[in-house]
Amino acid sequence: MKSFIHIDDIRLHACHGVLPQEQLTGNDYIINVRVEYDISKAMYTDDVADTLNYAEVYNIIKEEMNVPSKLIEHVAGRITDHLMASYADITSITLRITKLNPPMGAECNGAGVEITVTRGEDQS
């Protein structure tokens, strides 16, 4: 059995961007995360200690989003590295970060990155 936890549409304001104005005023972001994690024990025990706590995952995402970066690719790498380092039982993570108002002169609902990181695969 494969199992996942997910948190959808986390909305945060952060100061990421190449342009000085982006670093100063920031932008709104939507973050979606899907974590492959064995939840089978929690299915039978009904104990939060036997699964991955959503609040802890959210706090790691929020912590890394609060560290300014030029590129959201860099932020995505930090988030997945932090989650993998914090939880040895995570098998893989799919993370999507969308900047809602990218300064590119186009009308769109956002632009961003999506990565899937699997434990044991070379990330470089």
| Does Ile115 share a hydrophobic cluster with Met84, counting links as ILVMFWY side-chain heavy atoms below 4.5 Å and allowing steps through other members? | yes
| Taking side chain as C-beta onward, heavy atoms only, is His6 less than 4.5 Å from Thr94? | no
| task | I would like to know whether Glu22 and Lys99 meet salt bridge (charged side-chain N to carboxylate O under 4.0 Å, His left out); could you show each step before the answer? | result | CA-CA 11 Å; Glu22 292 180 285; Lys99 182 184 286 193; 2.5 Å; yes
| Within 6.0 angstrom of His13 NE2, more than 12 heavy atoms from elsewhere | yes
| query | For residues 60-69, which residue pairs qualify under side-chain hydrogen bond (donor to acceptor under 3.5 Å, both in side chains), counting only residues two or more places apart or in two chains? | reply | Glu64-Arg78, Glu64-His82, Ser69-His74, Ser69-Arg78
| message | Counting neighbours of CG on Asp47 that are heavy atoms of other residues, nucleotides or ligands and sit closer than 6.0 Å, is the number greater than 12? | response | yes
| message | I'd like to check Val57 versus Asn53 (side-chain heavy atoms, cut-off strictly below 4.5 Å). Are they in contact? | response | no
| request: First locate atom CD1 of Ile90, then atom CZ of Phe4, and finally report the distance between them rounded to the nearest 0.5 Å. | output: 12.5 Å
| task | Any chance you could lay out the side-chain contact (heavy atoms from CB on, under 4.5 Å) test for Ile10 and Asn32, step after step, and finish with the verdict? | result | CA-CA 6 Å; Ile10 299 167; Asn32 290 282; over 6 Å; no
| task | May I ask whether Ile5 and Val117 are part of the same hydrophobic cluster, defined by side-chain heavy atoms of I, L, V, M, F, W, Y residues being less than 4.5 angstrom apart, directly or through others? | result | yes
| Any link between Tyr58 and Tyr54 through a network of hydrophobic side chains (Ile, Leu, Val, Met, Phe, Trp, Tyr) touching at under 4.5 Å? | yes
| said: Tell me whether Leu83 shares a hydrophobic cluster with Val67, the cluster being built from Ile, Leu, Val, Met, Phe, Trp, Tyr side chains joined at under 4.5 Å. | reply: no
| note | For Ala111 and Ile72 the tightest heavy-atom approach is O-CD1, 4.3 Å
| request: Give a yes or no on whether the backbone of Tyr37 and the side-chain of Thr91 come within a donor-acceptor separation of less than 3.5 Å. | output: no
| note | In this structure, CG of Leu19 is separated from CG of Asn27 (nearest 0.5 Å) by 10.5 Å
| task | Answer whether the closest heavy-atom distance between the side chains of Met65 and His16 falls below 4.5 Å. | result | yes
| request: Kindly compute the distance separating NZ (Lys70) from SG (Cys15), expressed to the nearest 0.5 Å. | output: 15.0 Å
| query | Is a salt bridge present between Glu36 and Arg119, judged by a nitrogen-to-oxygen distance below 4.0 Å? | reply | no
| field | Close side-chain approach of Ser40 to Ser3, heavy-atom, < 4.5 Å | value | no
| With hydrophobic residues grouped by side-chain heavy-atom distances under 4.5 Å, do Ile97 and Val18 end up in a single group? | no
| Are more than 12 heavy atoms from other residues, nucleotides or ligands located less than 6.0 Å from atom CG of Asp8? | yes
| Side chain to side chain, Ile60 and Ser86, heavy atoms closer than 4.5 Å | yes
| said: I'd like to know whether Arg11 forms a side-chain contact (heavy atoms from CB on, under 4.5 Å) with Leu100, so could you lay out the CA-CA distance, the side-chain angles of the two residues, the decisive distance to 0.1 Å, and finally the verdict. | reply: CA-CA 10 Å; Arg11 187 179 193 105; Leu100 293 182; 3.4 Å; yes
| request: Would you mind reporting whether Ile39 and Asp50 have side-chain heavy atoms less than 4.5 Å apart? | output: no
| Which heavy-atom pair separates Cys108 from Pro102 by the least distance, and what is that distance? | SG-CG, 4.0 Å
| Side-chain donor or acceptor of Thr80 paired with backbone N/O of Gly77 under 3.5 Å | yes
| note | Checking Val35, Ile79, Val75 against Leu95 for side-chain contact (heavy atoms from CB on, under 4.5 Å), the one that qualifies is Ile79
